[in-house]
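Written below as structure tokens is the structure these notes are about.
Values in this document were obtained by computation on a predicted structure and should not be read as measured data.
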Amino acid sequence: KPSNLTFGQAAAVPTAAVTALRGLRDVGNLQLGQKVLINGASGGVGTFAVQIAKALGAEVTGVCSTGKVEMVQTLGANHVVDYTQENFTQSGPLYDLILDNVANHAFADLRRALTPQGVIIPNSGHNGIGYVIKAILLARFMPQQGPTFVAKPTSEDLVALKELIEAGKITPVIDKTYPI
């Protein structure tokens, strides 16, 4: 457990933060100076992804609703897109990596927002098995389609996250707590 977190904060780290870390660092191979878009930047994985991408030296754009814009900015996003006002797939800058936590755009639409060497990292099974199967099939034929992945925590991942947390580079965002 990171020394600067409560047990409640620490409980939020393993699944969400490992998913963000694996998606950006391992699957997406995010590099210093790249432009990354986090679709779903205000959710559990997204809040960690914004911070981890910043810690890895990326220029970060977060996509969220109007009520979450300020929070995503506070996490360190360089730019924030309010999806109720703007569709990032139809205009704007191009990205080297899109971490898609929401699955609310077709893969073809996401590809329009990528640089020629950019990659989409799908991280959403909540739209059903069809989304996962489509991502797997496209990854075989489209170089901009990254593979699906499983974010099973390893001790190395947890140590890396502990170091980032203790250095003040990432912190869990707790929306609500419930008594047991």
Does Ile165 reach the side chain of Val13, with side-chain heavy atoms less than 4.5 Å apart?
yes

Worked verdict on Leu37 versus Val63 for side-chain contact (heavy atoms from CB on, under 4.5 Å)
CA-CA 7 Å; Leu37 181 130; Val63 180; 3.8 Å; yes

How many angstroms lie between CG in Asp96 and CD in Gln117, if you round to the nearest 0.5 Å?
8.5 Å

Answer yes when Arg25 and Asp157 have at least one side-chain N-carboxylate O distance shorter than 4.0 Å, and no when they do not.
yes

Test side-chain contact (heavy atoms from CB on, under 4.5 Å) on Asp26 and Leu21 and set out the steps.
CA-CA 7 Å; Asp26 302 342; Leu21 182 69; 5.6 Å; no

Interatomic distance, Glu59 atom CD to Gln34 atom CD [nearest 0.5 angstrom]
11.5 Å

Where do Ala10 and Pro14 come nearest, in terms of heavy atoms and distance?
O-CD, 3.3 Å

Does one side chain, of Ser65 or Thr84, offer a donor that lies under 3.5 Å from an acceptor on the other?
no

Under a 4.5 Å cut-off applied to non-hydrogen side-chain atoms, are Phe48 and Pro172 in contact?
yes

From CG (Leu94) to CG (Leu114), nearest 0.5 Å:
8.0 Å

Can a side-chain donor-acceptor contact be found between Asn104 and Asn39 if the only test is distance below 3.5 angstrom?
yes

Show your working on side-chain hydrogen bond (donor to acceptor under 3.5 Å, both in side chains) between Thr171 and Gln51 and close with a plain yes or no.
CA-CA 8 Å; Thr171 187; Gln51 297 173 84; 5.6 Å; no

The side chain to side chain contact (heavy atoms under 4.5 Å, CB included) partner of Val36 among Ile98, Leu97, Ile121 is Leu97

Residue pair Thr47 / Val173: nearest heavy atoms and the distance that separates them:
CB-CG2, 3.9 Å

Distance only, no hydrogens: is a donor on one side chain within 3.5 Å (strictly under) of an acceptor on the other, for Lys54 and Asn78?
yes

For a quick test of reading the model, state the closest non-hydrogen atom pair linking Thr89 to Ala113 and the distance between them.
CA-CB, 4.3 Å

Report yes or no: do His79 and Gln73 form a side-chain donor-acceptor pair below 3.5 Å?
no

Determine, stepwise, if the pair Ile38 / Leu24 fulfils side-chain contact (heavy atoms from CB on, under 4.5 Å).
CA-CA 10 Å; Ile38 311 297; Leu24 294 169; 4.1 Å; yes

Donor-acceptor pair, Arg22 side chain versus Pro153 backbone, under 3.5 Å?
no

For a side-chain contact (heavy atoms from CB on, under 4.5 Å) check, start with the C-alpha distance between Val159 and Glu156, then their side-chain angles and the critical distance, and finish with the verdict.
CA-CA 5 Å; Val159 167; Glu156 292 83 10; 5.8 Å; no

Is a side-chain donor or acceptor of Gln31 paired with a backbone partner of Asn29 at a separation under 3.5 angstrom?
yes

Rounding to 0.5 Å, atoms CD1 (Ile120) and CZ (Phe107) come to a distance of 6.5 Å

Return the CG to CE distance between Asp175 and Met71, rounded to the nearest 0.5 Å.
8.0 Å

Smallest heavy-atom separation, Val45 atom then Ala20 atom, equals O-CB, 3.7 Å

Do other residues, nucleotides or ligands put more than 12 heavy atoms under 6.0 Å from the NZ atom of Lys1?
yes

Can you check whether Thr61 reaches Tyr95 side chain to side chain, under 4.5 Å on heavy atoms?
yes

Just by distance, do the side chain of Glu166 and the backbone of Glu163 share a donor-acceptor pair under 3.5 Å?
no

I need the minimum non-hydrogen distance between Leu30 and Ala58, along with the two atoms involved.
CD2-CB, 3.8 Å

Spacing of Lys68 atom NZ and Thr74 atom OG1 [to the nearest 0.5 Å]:
12.0 Å

Taking all non-hydrogen atoms of both residues into account, name the closest pair between Cys64 and Val80 and its distance.
SG-CG1, 3.7 Å

